[in-house]
Number of protein chains: 2
Amino acid sequence: MFDMEPEVLERFTWYMREHSALTIMFHTKVAEQMGLSATDEKCLDLAIRAEGPLTAGRIAELSGLSTGAVTGVIDRLERAGYVRRVRDPHDRRKVLVEVTPAEFVKFGHLFEKAQASLVEVLGHFDSAELEVIERYLKLQVETFRKRVIDT
Amino acid sequence: MFDMEPEVLERFTWYMREHSALTIMFHTKVAEQMGLSATDEKCLDLAIRAEGPLTAGRIAELSGLSTGAVTGVIDRLERAGYVRRVRDPHDRRKVLVEVTPAEFVKFGHLFEKAQASLVEVLGHFDSAELEVIERYLKLQVETFRKRVIDT
DNA sequence: TCGAACATCTTAGCTGCTAAGACAATTCCT
DNA sequence: AGGAATTGTCTTAGCAGCTAAGATGTTCGA
């Protein structure tokens with residue numbers, strides 16, 4: 001820990017801000033290409049990134065939408081073939097949202113391109129440098145998560 | 001440049017994905033606290049990050065909204081005091097959207113907290129490491145921008 | 001000077017959100 | 001075990017904000 005020059009902080013702040021704006025634009029464009037609204041894509045992403053299948057209610061909590069809105073989201077995702085509704089056998093009130101991986105083959109190119117540009121960026125660093133970057137990313141994600149929760 | 005192990009790439013991909021999701025959640029929450037919709041906040045952010053004042057039409061292009069929608073966005077932002085409509089003296093068809101900096105004082109705590117967590121993260125690295133991280137961020141933003149444009 | 005092009009605003013119609021309540025399944029309490 | 005309260009999802013009414021099309025006002029070029 002050492003004291004940082006103000007311009008350094010300013011530059012890092014700028015990178016963050018720029019990266020945020022780009023992330024939001026990218027998110028919008030990916031959704032568009034998949035024939036979904038940003039909201040629907042956001043919920044689909046939650047379902048994909050979750051450990052097991054999520055319930056409709058859990059998606060409402062995580063996304064901040066009302067349960068009524070989530071019904072509509074799942075309707076559209078199901079109609080488009082991205083997910084399937086499965087009643088939870090242990091609690092038949094619940095609806096489990098199961099992602100159907102096959103549907104994503106169509107959009108493989110999107111993810112491949114994303115992967116390719118990540119590889120391109122990382123290719124400019126040696127393995128000691130990558131270690132530093134990974135430590136930074138890990139810490140950044142953890143810190144960011146805490147901040148998002150109490151905002 | 002050296003060849004990367006698949007698990008390393010996998011971990012980096014995970015960080016990216018997690019960071020994206022957090023960015024979108026954070027964006028939603030900031031907008032909420034400022035009494036704006038995510039759309040309005042996105043446009044305001046464009047206006048803040050731009051060099052000079054943007055025209056209404058330019059905001060429509062950059063945000064991907066229709067000109068009609070942008071009229072509504074500016075109405076709401078103006079009513080809330082974040083921006084001011086100024087007719088361009090050189091071309092009186094155009095409406096310049098001028099950000100009123102004073103309004104952001106109220107939300108200083110939001111930005112201070114963001115700044116503070118950035119400082120906290122960066123505090124874990126010495127200046128040689130920060131140089132690596134900055135190089136990474138710079139490259140990442142540039143590469144990401146190209147990818148977003150042709151997506 | 002007049003018509004074409006341009007920048008923004010207005011409006012009609014539509015989609016998707018929230019809030020409230022209906023409905024069905026489960027759990028709790030006696 | 002049986003009725004009441006709780007829980008999870010869906011339905012509906014009303015509303016906000018988006019798009020597309022056209023109106024309005026301004027500029028530019030011949």
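Chain letters run A, B, ... following the sequence lines, proteins first and then strands; every chain starts at 1.
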**Q.** Interface limits on DNA chain C, where chain A has a heavy atom under 4.0 Å of a nucleotide atom
**A.** C/dG16 to C/dT26

Q: Give, ordered by number, those residues of residues 64-98 of chain A having at least one heavy-atom distance below 4.0 Å to an atom of DNA chain D; if nothing qualifies, reply none.
A: A/T67, A/G68, A/T71, A/R85, A/R93, A/K94, A/V95

Q: Compute the angle between the rotation axes at the two ends of the helix from C/dT1-D/dA30 to C/dT30-D/dA1, each taken over five pairs, rounded to 10 degrees.
A: 20°

Q. Less than 6.0 Å separating the ring centroids of B/F104 and B/F111?
A. no

**Q.** A/K138, NZ atom: more than 12 neighbouring heavy atoms under 6.0 Å
**A.** no

Q) When the ring planes of B/Y136 and A/Y136 are compared, do they come out parallel, tilted or perpendicular, using 30° and 60° as the limits? A) perpendicular

Q: Not counting sequence neighbours, which residues clear side-chain hydrogen bond (donor to acceptor under 3.5 Å, both in side chains) with B/D88? List them please.
A: none

Q. Is any side-chain heavy atom of B/K42 closer than 4.5 Å to a side-chain heavy atom of B/H27?
A. yes

Q. Run the side-chain hydrogen bond (donor to acceptor under 3.5 Å, both in side chains) check on A/Q115 and B/T13 step by step: do they pass?
A. CA-CA 7 Å; A/Q115 196 91 313; B/T13 302; 3.0 Å; yes

Q. Residues from residues 21-36 of chain B sitting under 4.0 Å of DNA chain D, heavy atoms only?
A. none

(Q) Any heavy-atom pair between the side chains of A/L54 and A/L96 that's under 4.5 Å? (A) no

Q.
Please enumerate all residues that pass ring pair (Phe, Tyr, Trp, His ring centres under 6.0 Å) together with B/H19, with sequence neighbours excluded.
A. A/H19, A/F144

Q: Using side-chain hydrogen bond (donor to acceptor under 3.5 Å, both in side chains) as the criterion, list what pairs up with B/Y15, not counting sequence neighbours.
A: A/E134

Q) Which residue pairs satisfy the side chain to side chain donor-acceptor pair (under 3.5 Å) criterion with at least one member in residues 59-70 of chain B, sequence neighbours excluded? A) B/R58-B/E61

Q. Excluding sequence neighbours, so at least two apart, what forms side chain to side chain contact (heavy atoms under 4.5 Å, CB included) with A/A21?
A. B/D45, B/R49

Q) So which of residues 39-48 of chain B are in contact with DNA chain C, with a heavy-atom cut-off of under 4.0 Å? A) none

Q. Going through the checks in order, is the side-chain hydrogen bond (donor to acceptor under 3.5 Å, both in side chains) test met by B/T100 and B/R84?
A. CA-CA 7 Å; B/T100 58; B/R84 221 159 55 93; over 6 Å; no

Q. Under the salt bridge (charged side-chain N to carboxylate O under 4.0 Å, His left out) test, which residues partner A/R93, sequence neighbours left out?
A. A/D91

Q | Non-hydrogen side-chain atoms of B/L137 and B/E142 separated by less than 4.5 Å | A | no

Q) With a cut-off of 6.0 Å (strictly less than), are more than 12 heavy atoms of other residues, nucleotides or ligands near CD of A/E10? A) no

Q. For residues 51-58 of chain B, which residues have at least one heavy atom under 4.0 Å from DNA chain C?
A. B/T55, B/A56, B/G57

